[in-house]
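Working notes, beginning with the structure itself.
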Amino acid sequence: MQRYKSIISYDGSGFSGYQVQPNKRTVQSDLEAVLAKMHKGENIKVSASGRTDAGVHAKGQVIHFDSPLPISEQKWELALNSMLPEDISVLSVIKVDSLFHARFDVIGKEYRYVLQLSKKRDPFQRNFSFLFPYDLNIEAMKEASCFFIGTHDFTSFCSAKTEVKDKIRTIETIDFLLEDNFLTLRFVGNGFLYNMVRILTGTLLEVGSGKLRPEEMADILVKKDRRFAGKTAPAQGLYLWKVFYE
């Protein structure tokens, strides 16, 4: 058996998330269905760097799988892309050591959240950015984001549904990239909790709208209570951009 590491991208609009769910279309189920065809019905499990929610996109999701088929890396890429639906693309496939694990070997991730700052709705952007038609104080948002840099307990900024007990994470960078009428928030850290990037984004939007003051971020972190942070930003603006390994 050979282990393969693959980088994939997908448009999350048509999926109920990454992870397999009964009677729902997911990225993992589509990948495993194609691998089953290639292995004459044998179930080939795919492991990913982490799950993404319904409607969330990926530019650089990382997966791994094991296979006994004597296929070159280039032919793996061609074969998978020829059989997968058009909303999933395999960007690369390489052979890796059998000890490599797409999830447990992760040392960091980059997420991006795309906002469309416009008074008018663009129907071609409805699945790929969050339309925000109100005035924003981006400088206040930048000031607020500084409170999140470093190592903190992000209990206030993750879904109450999360089963993870350790909510301490390190954020290295939060950048604001403004191009035309699109504002992209770039988050880089050692890991992110369930809905964490979307809640951070929603909270920063409340700062930019004047509903919260930048200095209130420190108090919200200390309170460790989801109720004090902002709303969860919609899924369609979020992209898993890159996954980092040693």
Side-chain angles (χ1 to χ4, degrees), residues 5 7 9 17-19 47-53 56-64 99-115 130 138-178 183-208 212-233 235 237-246:
K5 172 189 175 184
I7 300 176
S9 66
Y18 171 82
Q19 192 173 36
S47 296
S49 69
R51 66 185 72 175
T52 52
D53 287 341
V56 175
H57 314 292
K59 283 281 190 176
Q61 172 71 284
V62 177
I63 62 170
H64 82 253
L99 296 179
F100 170 82
H101 198 285
R103 178 184 174 192
F104 298 127
D105 290 348
V106 173
I107 61 169
K109 289 182 178 180
E110 175 181 339
Y111 281 92
R112 296 191 184 191
Y113 195 95
V114 181
L115 297 157
F130 173 38
I138 297 175
E139 291 306 312
M141 295 171 69
K142 289 180 180 179
E143 183 182 344
S145 72
C146 294
F147 289 92
F148 303 134
I149 302 301
T151 302
H152 305 282
D153 185 321
F154 283 97
T155 298
S156 295
F157 296 91
C158 74
S159 169
K161 298 178 182 178
T162 185
E163 298 175 356
V164 177
K165 292 183 179 179
D166 180 9
K167 298 182 177 66
I168 296 175
R169 297 292 185 273
T170 300
I171 294 182
E172 299 170 8
T173 303
I174 301 177
D175 291 327
F176 294 75
L177 313 172
L178 184 62
L183 175 63
T184 299
L185 277 59
R186 175 177 173 266
F187 299 83
V188 179
N190 69 348
F192 295 88
L193 298 161
Y194 183 40
N195 281 352
M196 180 172 159
V197 174
R198 290 167 60 190
I199 296 169
L200 287 169
T201 298
T203 305
L204 289 172
L205 285 173
E206 294 198 9
V207 172
L212 291 171
R213 300 187 311 277
E215 58 271 22
E216 289 184 78
M217 302 305 102
D219 290 336
I220 296 173
L221 280 166
V222 169
K223 285 176 178 174
K224 301 179 185 178
D225 189 327
R226 171 68 187 91
R227 293 173 297 174
F228 291 95
K231 294 180 180 179
T232 304
L238 183 61
Y239 295 75
L240 171 56
W241 203 263
K242 190 173 183 179
V243 184
F244 302 100
Y245 298 89
E246 290 285 2

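Because only heavy atoms are used, hydrogens play no part in the values below, and waters and symmetry mates are left out as well, while side chains stay in. Remember, predicted model here, so these are calculated numbers, not experimental data.
In this structure, NZ in Lys223 is found 4.5 Å from CZ in Phe228, a value given to the nearest 0.5 Å. Between Leu185 atom CG and Leu200 atom CG the span is 9.5 Å, to the nearest 0.5 Å. Atom SG of Cys146 sits about 8.0 Å away from atom CD1 of Ile174, to the nearest 0.5 Å. Remark: Arg226 CZ to Thr232 OG1 distance equals 4.0 Å, nearest 0.5 Å. With rounding to the nearest 0.5 angstrom, the CG atom of Leu221 is 12.0 Å from the CD atom of Glu216.
Not one N or O on the side chain of Thr201 forms a donor-acceptor pair closer than 3.5 Å with the backbone of Arg198. Between the side chain of His152 and the backbone N or O of Phe154 there is no donor-acceptor pair closer than 3.5 Å. Remark: the backbone N or O of Gly50 is paired with a side-chain donor or acceptor of Gln61 at under 3.5 angstrom.
Taking every heavy atom of both residues into account, Ala144 and Leu204 meet most closely at CB-CD2, 3.8 Å. When all heavy atoms are compared, the tightest approach of Thr203 to Ala229 is OG1-CB, 3.7 Å. Residues Ala218 and Phe147 approach most closely at CB-CD2, 3.8 Å, considering heavy atoms.
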In residues 239-246, what donor-acceptor pairs under 3.5 Å come from side-chain atoms, sequence neighbours left out?
residue : atom : partner : partner atom : Å
Tyr239  : OH   : Phe128  : O            : 2.7
Tyr245  : OH   : Ala102  : O            : 2.6

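Atom CZ of Arg51 has 12 or fewer neighbouring heavy atoms from other residues, nucleotides or ligands inside a 6.0 Å radius.
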Take Arg227 and Asp225 through the test salt bridge (Lys or Arg N to Asp or Glu O under 4.0 Å) and record every step on the way to the result.
-> CA-CA 5 Å; Arg227 293 173 297 174; Asp225 189 327; 2.6 Å; yes
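Side-chain contact between Val106 and His101 is absent, with no heavy-atom pair separated by less than 4.5 Å.
Taking the ring centroids of Phe148 and Phe157, they lie under the 6.0 Å cut-off.
The side-chain hydrogen bond (donor to acceptor under 3.5 Å, both in side chains) pairs that include a residue from residues 157-173 are Thr151-Thr170, where partners are two or more places apart or lie in different chains.
Of the charged side-chain nitrogens involved, at least one lies within less than 4.0 Å of a carboxylate oxygen, so that Glu110 and Arg186 count as a salt-bridged pair.
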